[in-house]
Amino acid sequence: MGESLLQLSVSPLTFSGSYRQEFKGPLLYANSARTTAASRRTHRSEGEDLSKKINLYHRWAASLIFKAALPVWQCVCVFVCVCACFTCISMQGACVSILCVCICVSVLLHSAISQPPTESDIYTECTDGYHWDHQTEHCKDINECETIPDACKGEMKCFNHYGGYLCLPRSASVIPAPEPPITPTETNPCPLGYEPQGDTCVDINECEREEHDCQPSQECINTLGAFTCQCPDGYRKVGTECIDIDECRYRYCQHRCVNVPGSFSCQCEPGFQLAGNNRSCIDVNECDMGAPCSQRCYNTYGTFLCRCDQGYELGPDGFACNDIDECSYSSYLCQYQCVNEPGKFSCVCPEGYQLQGTRLCQDINECETGEHQCTDTQTCVNIHGRYQCVDSNRCQEPYVQVSENRCVCPVNKPVCRDLPFSIVHRYMSITSERSVPSDIFQIQATSVSPGAYNTFRIRSGDENGDFYIRQINNISAMLVLARAVSGPREYTLDLEMVSVNPLLSYQGNYQTSSALRLSIYVGPYTF
């Protein structure tokens, strides 16, 4: 099975084509193994001395029997070895005698000399993929890519191959093997791949002698009687060509695979890096590797996020943090004034006020804290944003002081008949732009005579009509701010209560009055 025949004859001996043998003249047969590359070699006899060849084959056949290293000669001498065999060595069913062999050869040699080759001894049939070339008398490869229309379909490209053809992708890298030159060689009495050495045949190392047809990128490996061409890593052998293996087809890489001739490389998406196995991708902690966040960095799977502290906002680039001007968003953040600061804001108050909480302003009562400069003869009156020093005795002629803040006009003075009997001094402070109408001060009688009727009025100080009196009952009334006023400003209103008593009519139309002198200070702010 798969055997080829080693031939020896006086006429030239030729091997050509694939699995094809041509025989001319009488033959001696021996089994030998051949490779594809060896089958393309051509050996021709140069008509050396026949007896020398016979002696050499005789010694080689005998050595094979004892060494059992190569196939042995089969005994075909039944018609001459009847009584001439002195010794017969049996090995694997073959009978060989040194003397018998010589007699057989002599008979065959005689036949070879006496009989010319006939037409029936020449075989012109070739295996599939080859055709007989009558000019060269060799089997020649058929180029199917030229003879078969549309040999490859679709995006496949046809590549001619020894004894056939290949359909490969157009992007495939195919390095064609060069045709070995056919050079005449000397007649070798040994099987193909072997050479004579003394009385025996030894293997030829085609790789060392560079008698091979491996491609420059292939590695030549010597074998008994032949050699093989091995492709480098990352390639697979198709016929005699080495074709790149597309490792990316097998999804070796977790993210991206880049195929290169003879190899491949794995790449990861941004935010990942190759693991130790050079195939898997692991997350990169950009925050530990100097992420460009100006304040806070949070690592996420495959990326990172920048965040800002309170009072800052992330810039358009996603990395920088810009201060938020809270004061520009609203005028109601602070009661008086908002001051922007890096990452925050603060509220300030005007002089005479202090910050209450974080945004409100509260008046400082300098009269209570002692932060005033009033003398002992003066009274400190606290107003919005400041204080006022007033004389402790504000009674003016014809009034006399009878108690703190109260003045009385004596009845024994004629001038007092048309004046209020008593005047009480009071002080108050209101804010600017107060909503109106607004009740600001309540007046109430401290003593009332039985049967008296009381009325209330603004005696003086309201020339612009900014106030009015709303009487509540017989003994009380309310001072109302009629129009919004702005400070700083000061009003001094005399609020008078007139009493009429009919029970005392025997004395005439009796009436009396008392006044309350109210000093109103309007602060400069709305708080």
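For the numbers below, each heavy atom of this structure counts, side chains included, while hydrogens, waters and symmetry mates do not. Remember, predicted model here, so these are calculated numbers, not experimental data. For reference, positions follow the sequence shown, starting with 1.
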Problem - Trace of the ring pair (Phe, Tyr, Trp, His ring centres under 6.0 Å) decision for Tyr353 with Tyr336 - result: CA-CA 10 Å; Tyr353 293 84; Tyr336 175 64; 7.9 Å; no
Exercise for the section: Could you check Tyr468 against Arg470 for side chain to side chain donor-acceptor pair (under 3.5 Å), going step by step and ending with a plain yes or no? Expected result: CA-CA 7 Å; Tyr468 68 88; Arg470 185 181 79 249; 5.0 Å; no
Exercise for the section: Kindly determine whether Thr526 and Glu433 satisfy side chain to side chain donor-acceptor pair (under 3.5 Å), including the steps that lead there. Expected result: CA-CA 6 Å; Thr526 59; Glu433 302 300 328; over 6 Å; no
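Looking at Ser513, its side chain never comes within 3.5 Å of a backbone N or O of Glu496 through a donor-acceptor pair. For Asp244 (side chain) and Gly262 (main-chain N/O), a donor-acceptor pair under 3.5 Å exists by modelled atom type. Formation of a donor-acceptor pair under 3.5 Å by the Asn454 side chain with backbone atoms of Asn474 is found in this model. Asn160 contributes no side-chain N or O that, together with a main-chain N or O of Cys145, makes up a donor-acceptor pair within less than 3.5 Å.
Applying the 6.0 Å contact sphere to CZ of Arg209 captures more than 12 heavy atoms from other residues, nucleotides or ligands. Counting non-hydrogen atoms of other residues, nucleotides and ligands closer than 6.0 Å to CD of Glu313 gives a total above 12. Annotation: Lys344, atom NZ; neighbour count of heavy atoms from other residues, nucleotides and ligands within 6.0 Å does not exceed 12. More than 12 heavy atoms of other residues, nucleotides or ligands sit less than 6.0 Å from atom CG of Asp439. Taking a 6.0 Å sphere around CG of Asp376, one finds it holds 12 or fewer heavy atoms contributed by other residues, nucleotides or ligands.
Taking the six-membered ring for Trp and thresholds of 30 and 60 degrees, Tyr252 and Tyr250 have ring planes inclined between 30 and 60 degrees apart. The aromatic rings of Phe272 and Tyr301 sit perpendicular, their planes meeting at an angle over 60°, well past the 30° parallel limit. Ring geometry, Phe304 versus Phe319: the interplanar angle falls under 30°, so the pair is classed parallel (tilted spans 30 to 60°).
Considering all non-hydrogen atoms of both residues, Ser476 and Gln471 come closest at O-CG, 3.6 Å.
SG atoms of Cys231 and Cys242 are separated by less than 2.5 angstrom, consistent with a disulfide link.
Considering Ile440, Leu481, Val485 in turn, Ile440 is the only one that fulfils the side chain to side chain contact (heavy atoms under 4.5 Å, CB included) rule with Ile520.
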